[in-house]
Amino acid sequence: MDYQAILDRILATADERAYLTPFSHVDSRFQGALAEVRTDLQSADFDPDRTRALVARLHDEGRLDRVHYFSALHVVAASPRVRDYAEAARLVAEQEMAALELGGPGLESNLASVDRHRGVLAFLRGQYEVALDYFTRSLERQRSAENLGNILCALIRLGEHDEATELLDQIRSSFPSDLVDELDSIIASDPDLIPLRME
């Protein structure tokens with residue numbers, strides 16, 4: 001794989017949109033519901049059926065739209081305690097269709113989530129080059145610390161520590177400070193990013 005081309009795509013995204021595109025985040029209408037799902041996923045007594053029922057209830061109450069409904073169900077299916085990757089892949093396809101049907105100003109952000117979920121599936125299956133491509137697509141659609149962190153994880157898993165370090169240096173020198181701070185927080189907590197903690 002041509003890692004320099006990937007780096008060029010990432011840096012072009014930063015250069016072209018550094019001050020023109022606002023940070024994209026989950027629509028505020030859905031943040032509370034997704035926080036409830038995250039809490040349930042991380043609980044010591046995690047039960048996939050209970051979490052799925054919670055997601056369904058939040059959707060029925062109008063606290064999650066169809067895009068975020070399928071996204072949340074994907075996270076359950078792909079979680080380390082479930083690992084139903086075939087179901088997770090099906091749910092990503094459902095999420096993509098829901099995003100396309102919804103359209104509107106949130107389309108790019110919703111499709112970035114689809115790309116990120118596909119990248120996570122590839123990463124979990126050990127297909128790190130495929131994951132890197134999906135994570136880069138996600139970043140091109142939505143500049144976020146999470147997407148940058150995923151790219152760094154894929155590079156490290158590919159054994160491309162120098163490229164990851166070079167990219168991190170360029171991010172720190174050209175991206176807005178709040179995004180860099182968020183990325184540094186991810187690096188400090190993600191075990192996959194331990195090699196970058198001394199950079």
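Here, residue 1 is the first one in the sequence, and each next residue gets the next number.
- Looking at every heavy atom in both residues, Ile156 comes nearest to Ala164 through CG1-CB, 4.1 Å.
- With hydrogens and angles left out, the side-chain atoms of Gln95 and Arg66 include no donor and acceptor closer than 3.5 Å.
- The neighbour count for Arg57 CZ, taken as heavy atoms of other residues, nucleotides or ligands under 6.0 Å away, is above 12.
- Arg157 places no side-chain N or O within donor-acceptor distance of the main-chain N or O of Phe123, the cut-off being under 3.5 Å.
- Here the side chain of Thr39 pairs a donor or acceptor atom with the backbone of Ala35 at under 3.5 angstrom.
- Pairing each heavy atom of Val82 with each of Ala77, the nearest pair is CG1-O, 3.6 Å.
- Leu139 and Tyr128 fall within the same hydrophobic cluster, where Ile, Leu, Val, Met, Phe, Trp and Tyr residues are linked whenever their side-chain heavy atoms come under 4.5 Å apart, directly or through other members.
- Judged by distance alone, the side chain of Ser109 and the main-chain N or O of Gly106 form no donor-acceptor pair under 3.5 Å.
- Residues Leu155 and His161 form no side-chain contact, since every pair of their non-hydrogen atoms from C-beta on lies 4.5 Å or further apart.
- No single ILVMFWY cluster, assembled from side-chain heavy atoms under 4.5 Å apart, contains both Tyr69 and Val67.
- The existence of a salt bridge linking Glu87 and Arg90 is confirmed by a sub-4.0 Å separation between a basic side-chain nitrogen and an acidic carboxylate oxygen.
- Leu148 and Ile194 are not part of a single hydrophobic cluster, where members link through side-chain heavy atoms under 4.5 Å apart.
- A donor-acceptor pair is defined here as one N or O able to donate and one able to accept, closer than 3.5 Å; no such pair exists between the side chain of Arg125 and the backbone of Ala122.
- Scanning all heavy atoms of the two residues, the minimum distance from Phe135 to Asn150 falls at CD1-O, 3.3 Å.
- Checked by atom type, the side-chain pair Asn147/Ser144 shows a donor-acceptor distance below 3.5 Å.
- Between Cys153 and the options Ile186, Leu132, Asp192, Val120, a side chain to side chain contact (heavy atoms under 4.5 Å, CB included) holds for only Asp192.
- For the pair Asp133/Glu129, no side-chain contact is recorded, criterion being any heavy-atom separation below 4.5 Å from C-beta on.
- Side-chain N or O atoms of His74 include none that pairs as donor or acceptor with a backbone N or O of Val92 at under 3.5 Å.
- In this model, a donor atom of one side chain and an acceptor atom of the other lie less than 3.5 Å apart for Arg50 and Ser43.
- Pairing each heavy atom of Ser71 with each of His117, the nearest pair is OG-NE2, 2.7 Å.
- In this structure, Asp49 pairs ionically with Arg52, as a charged nitrogen and a carboxylate oxygen lie closer than 4.0 Å.
- Not a single donor-acceptor pair under 3.5 Å links the side chain of Ser185 to the backbone N or O of Asp181.
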